[in-house]
Trainee: 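Sharing a structure with you now.
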Amino acid sequence: CLFILVFYIGSSFLWFINIEGLKKLSSGKIHQVLEQNGVEPGVLKQKIDLNKLESVLMKNIPEIIWINMKWQGTKLNIEIVEKKIVPASL
């Protein structure tokens, strides 16, 4: 019974953040915005509004054109597509 309680409580928290799709952006920049918005390992999952967080990242990092977030257990998976910069024709 104690094991089930510990497991349940542990699974209610964010423990890992996985960021995919970065080409030029650094994961440090993404983590900085996440931390500024209270998203870091050890936070209760229910306190994280993924839709709001997607909007915050898009607003604060203009190089992002698309973002998707989803939970996989205690891990938050973040998939990012960066804007492609097309060189101006001369």
Side-chain angles (χ1 to χ4, degrees):
C1 186
L2 180 61
F3 173 75
I4 294 171
L5 179 64
V6 170
F7 180 76
Y8 175 75
I9 291 172
S11 66
S12 299
F13 291 88
L14 166 65
W15 294 118
F16 305 99
I17 299 172
N18 180 46
I19 302 171
E20 297 177 353
L22 298 180
K23 302 225 185 299
K24 294 183 181 180
L25 281 173
S26 72
S27 62
K29 189 170 186 177
I30 307 296
H31 281 284
Q32 180 181 18
V33 174
L34 293 173
E35 288 173 9
Q36 289 170 349
N37 288 276
V39 179
E40 56 190 338
V43 173
L44 274 171
K45 289 171 28 178
Q46 68 184 16
K47 290 190 173 196
I48 301 171
D49 181 343
L50 296 184
N51 291 325
K52 180 181 174 188
L53 193 55
E54 287 176 2
S55 297
V56 167
L57 282 165
M58 296 274 295
K59 180 180 176 185
N60 287 289
I61 305 174
E63 297 90 349
I64 297 175
I65 194 166
W66 182 84
I67 188 165
N68 182 44
M69 296 185 180
K70 61 184 172 194
W71 290 108
Q72 184 179 11
T74 60
K75 179 170 60 171
L76 177 59
N77 287 312
I78 303 173
E79 186 180 356
I80 292 176
V81 176
E82 298 177 22
K83 290 180 182 174
K84 294 186 194 260
I85 299 174
V86 179
S89 301
L90 295 176

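FYI, the numbering just counts along the sequence from 1. The figures here come from the full heavy-atom set of this structure, side chains too, leaving out hydrogens, waters and symmetry mates.
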Trainee: In sequence, state the C-alpha distance, the side-chain angles, and the governing distance for Leu34 and Ile78, and then conclude on side-chain contact (heavy atoms from CB on, under 4.5 Å).
Mentor: CA-CA 11 Å; Leu34 293 173; Ile78 303 173; 3.9 Å; yes
Trainee: Return the CZ to OG1 distance between Phe13 and Thr74, rounded to the nearest 0.5 Å.
Mentor: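 If I round to the nearest 0.5 Å, the distance is 11.5 Å.
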Trainee: Looking only at heavy atoms, what is the nearest atom pair of Leu76 and Met69, with distance?
Mentor: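 Looks like CD1-CB, 4.2 Å.
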Trainee: Output the distance between atom OG (Ser11) and atom NZ (Lys45), rounded to the nearest 0.5 Å.
Mentor: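 Atom-to-atom, Ser11:OG and Lys45:NZ are 6.0 Å apart.
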Trainee: How long is the gap from CD1 on Ile64 to CG on Leu22, to the nearest 0.5 Å?
Mentor: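 It comes to 8.0 Å.
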Trainee: How many angstroms lie between NZ in Lys29 and CG in Leu57, if you round to the nearest 0.5 Å?
Mentor: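 That separation rounds to 11.0 Å.
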Trainee: Indicate whether the side chain of Asn77 and that of Glu79 have a donor and an acceptor atom separated by less than 3.5 Å.
Mentor: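 Side-chain D/A pair, Asn77 to Glu79: absent.
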Trainee: Quick check: closest heavy atoms across Pro41 and Trp15, and the distance to 0.1 Å?
Mentor: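 Between these two residues, the closest heavy atoms are CB-O, 3.7 Å.
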Trainee: What is the distance from atom NE2 of His31 to atom CD1 of Ile19, rounded to the nearest 0.5 Å?
Mentor: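 Result: 3.5 Å between the selected atoms.
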Trainee: Can you check whether Asp49 reaches Leu53 side chain to side chain, under 4.5 Å on heavy atoms?
Mentor: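 No, every pair of side-chain atoms sits at 4.5 Å or beyond.
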Trainee: Roughly how far apart are Glu63 CD and Lys24 NZ, rounded to 0.5 Å?
Mentor: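 Interatomic distance, Glu63 CD to Lys24 NZ, rounded to 0.5 Å: 10.0 Å.
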Trainee: Using only atom types and a distance under 3.5 Å, with no angle test, would you say the side chain of Lys75 pairs donor to acceptor with the backbone of Asn18?
Mentor: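 It does not hold such a pair.
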Trainee: Tell me whether Ile30 is reachable from Ile65 by hopping between hydrophobic residues (I, L, V, M, F, W, Y) whose side-chain heavy atoms are closer than 4.5 Å.
Mentor: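 No: no chain of side-chain contacts under 4.5 Å links Ile65 to Ile30.
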Trainee: When you look at CD of Gln46, are more than 12 heavy atoms from neighbouring residues, nucleotides or ligands closer to it than 6.0 Å?
Mentor: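 Open.
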